[in-house]
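Accompanying notes for the structure given below.
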Amino acid sequence: MTRSRLCVVMATITLIGCGDNGTRVPANALVVSNGAVIDGTGAPPIVDGVVVVVGERIRAVGEATAYQIPEDVRTVDAGGGTILPGIINSHTHSTHDPAVRRAFLTDGVTTVCNLGTTLERLPLFDSASVAEGPAARGYWAGPIITAPGGYPGPVYGFEFTWEVASPAEARASVAELLDRGADMIKIALAPGDPRDPWPVLDLARVRAIVEEAHARGVLVRAHVFEPYLVEDIVLPAAVDVIEHEPMPILTPDQERRVLESDDPGAELFDVVAPEYVQLLERLVEHGTVIVPTLDGGIGPLFTNPDRSPLEQTVLDLHLEAVRRFHALG
């Protein structure tokens, strides 16, 4: 659909009323109409739907014929397009610029979470709008807490890192970032190339980070790919969110078996089970969230119609892992 035919509802999504035939809309309401409503519940689209907003609450969603709309009520004409709840992008970077967040909003994304930026850019998150118009809401973590010399410094620059060498420094770093207005804490658990690994936070420092953050009521989100770090640090320290998808590294024999399988996605769980499935089960038991960021990691594989067998296998493995984690609850 084109941008001009997309209408996004930004009000708090709390449906507290539905219309029977002839239900009258309050005079102080805002009515979004003349579009197909996708309400986010999985129900079929409402072809000729309306969304009734009063204040910051969505009061009703339904068929237009079910409501009496006063002539003088405020309205937004969706132009025959699509009306849907605002989308949340829970893992972004480079969204400190209000112009970038404005572009997100134009495409239907009403909220973005920035999971790694520099101290110098933090004041830009205070501006929810600029002269050109409103922008998507921004939540941010600031610099990424890491071990001295650790990721993301060697790759993206050390202005993106907040290095801590001890549990005491870890606690102090959390307190200072939150005092500066951070909405969440991001940590890096990324050893990189095992032949020449980067330093990684140990369990004591991560526990200190989580305890300090939880005492202040905020989440800790970890950049991590390796399942062993999930086992050794993420779960024992009660980290809240895993950013990216921790995937097992297959042995050459496992890779061969997967490539020879007619269903390589499902085959993943035959060649690495029960360890990987058990890890996913433990994450569910602990209430740990995974933000897979598949588009950022393997995005080109989704759009390439000429995927090689190996590329197809990589795509299938990642998608099957997401399916299995979702199926576990």
Side-chain angles (χ1 to χ4, degrees), residues 1-92 95 98-114 128-130 132-139 183 289-296 299 302-303 319 322-323 325-327 329:
M1 67 186 69
T2 63
R3 291 181 176 182
S4 61
R5 300 188 66 218
L6 175 69
C7 184
V8 179
V9 179
M10 292 185 65
T12 301
I13 303 190
T14 304
L15 182 61
I16 58 175
C18 295
D20 299 321
N21 188 30
T23 298
R24 185 169 179 81
V25 171
N28 62 340
L30 170 67
V31 177
V32 185
S33 62
N34 188 24
V37 176
I38 298 174
D39 65 10
T41 67
I46 303 170
V47 177
D48 182 18
V50 295
V51 176
V52 180
V53 181
V54 178
E56 295 184 350
R57 300 283 177 177
I58 295 174
R59 294 292 298 272
V61 178
E63 296 181 359
T65 55
Y67 297 90
Q68 297 179 20
I69 301 174
E71 291 185 1
D72 57 348
V73 78
R74 291 183 302 151
T75 61
V76 173
D77 188 338
T82 304
I83 307 167
L84 71 160
I87 298 167
I88 297 172
N89 189 328
S90 61
H91 188 119
T92 72
T95 47
V100 174
R101 298 200 299 277
R102 193 166 58 251
F104 270 100
L105 182 60
T106 302
D107 283 336
V109 178
T110 58
T111 301
V112 297
C113 294
N114 187 297
S129 63
V130 291
E132 290 80 358
R137 288 180 292 252
Y139 296 90
D183 301 293
V289 174
I290 296 179
V291 180
T293 67
L294 294 186
D295 186 65
F302 288 95
T303 56
L319 291 176
V322 173
R323 292 189 191 103
F325 189 61
H326 183 266

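Worth knowing before you read on, the calculation uses all heavy atoms, side chains too, and leaves out hydrogens, waters and symmetry mates. Everything numeric in this text was worked out from a predicted model, so none of it was measured.
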### Task
Determine yes or no for a side-chain-to-main-chain donor-acceptor pair under 3.5 angstrom, with R101 supplying the side chain and A136 the backbone.
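Yes, because the side chain of R101 sits within donor-acceptor range (under 3.5 Å) of the backbone of A136.
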Quick one: [atom1] on [X] to [atom2] on [Y], what's the gap to the nearest 0.5 Å?
X	Y	atom1	atom2	value
I83	D39	CD1	CG	11.5 Å
F325	I290	CZ	CD1	4.0 Å
T110	I88	OG1	CD1	6.0 Å

### Message
side-chain contact (heavy atoms from CB on, under 4.5 Å), that's the test. Do D48 and E63 meet it? Break it down for me.
### Response
CA-CA 6 Å; D48 182 18; E63 296 181 359; over 6 Å; no
### Query
Would a 4.5 Å heavy-atom cut-off, applied to side chains only, mark I87 and D107 as touching?
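A side-chain contact under 4.5 Å is absent here.
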### Query
Can you find a pair of side-chain heavy atoms, one from V51 and one from V31, that are under 4.5 Å apart?
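Contact flag for V51/V31 side chains = no.
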### Any residue meeting salt bridge (Lys or Arg N to Asp or Glu O under 4.0 Å) with R74, in chain and number order, not counting sequence neighbours
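Listed in chain order: nothing, the list is empty.
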Shortest non-hydrogen contact from [X] toward [Y]:
X	Y	result
P98	A135	O-CB, 3.6 Å
A60	Y67	CB-OH, 3.5 Å
C113	S90	CB-O, 3.5 Å

### Task
Report the C-alpha separation of T75 and L30 in whole Å, then their side-chain angles, then the decisive distance to 0.1 Å, and conclude whether the side-chain contact (heavy atoms from CB on, under 4.5 Å) test is met.
CA-CA 6 Å; T75 61; L30 170 67; 5.9 Å; no
### Message
The test is side-chain contact (heavy atoms from CB on, under 4.5 Å); show your working for L294 and L319 and say whether it passes.
### Response
CA-CA 9 Å; L294 294 186; L319 291 176; 3.8 Å; yes
### Task
List for me each residue that meets side-chain contact (heavy atoms from CB on, under 4.5 Å) alongside P70, sequence neighbours excluded, and say none if there are none.
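side-chain contact (heavy atoms from CB on, under 4.5 Å) check on P70 returns R24, V25, D72, V73.
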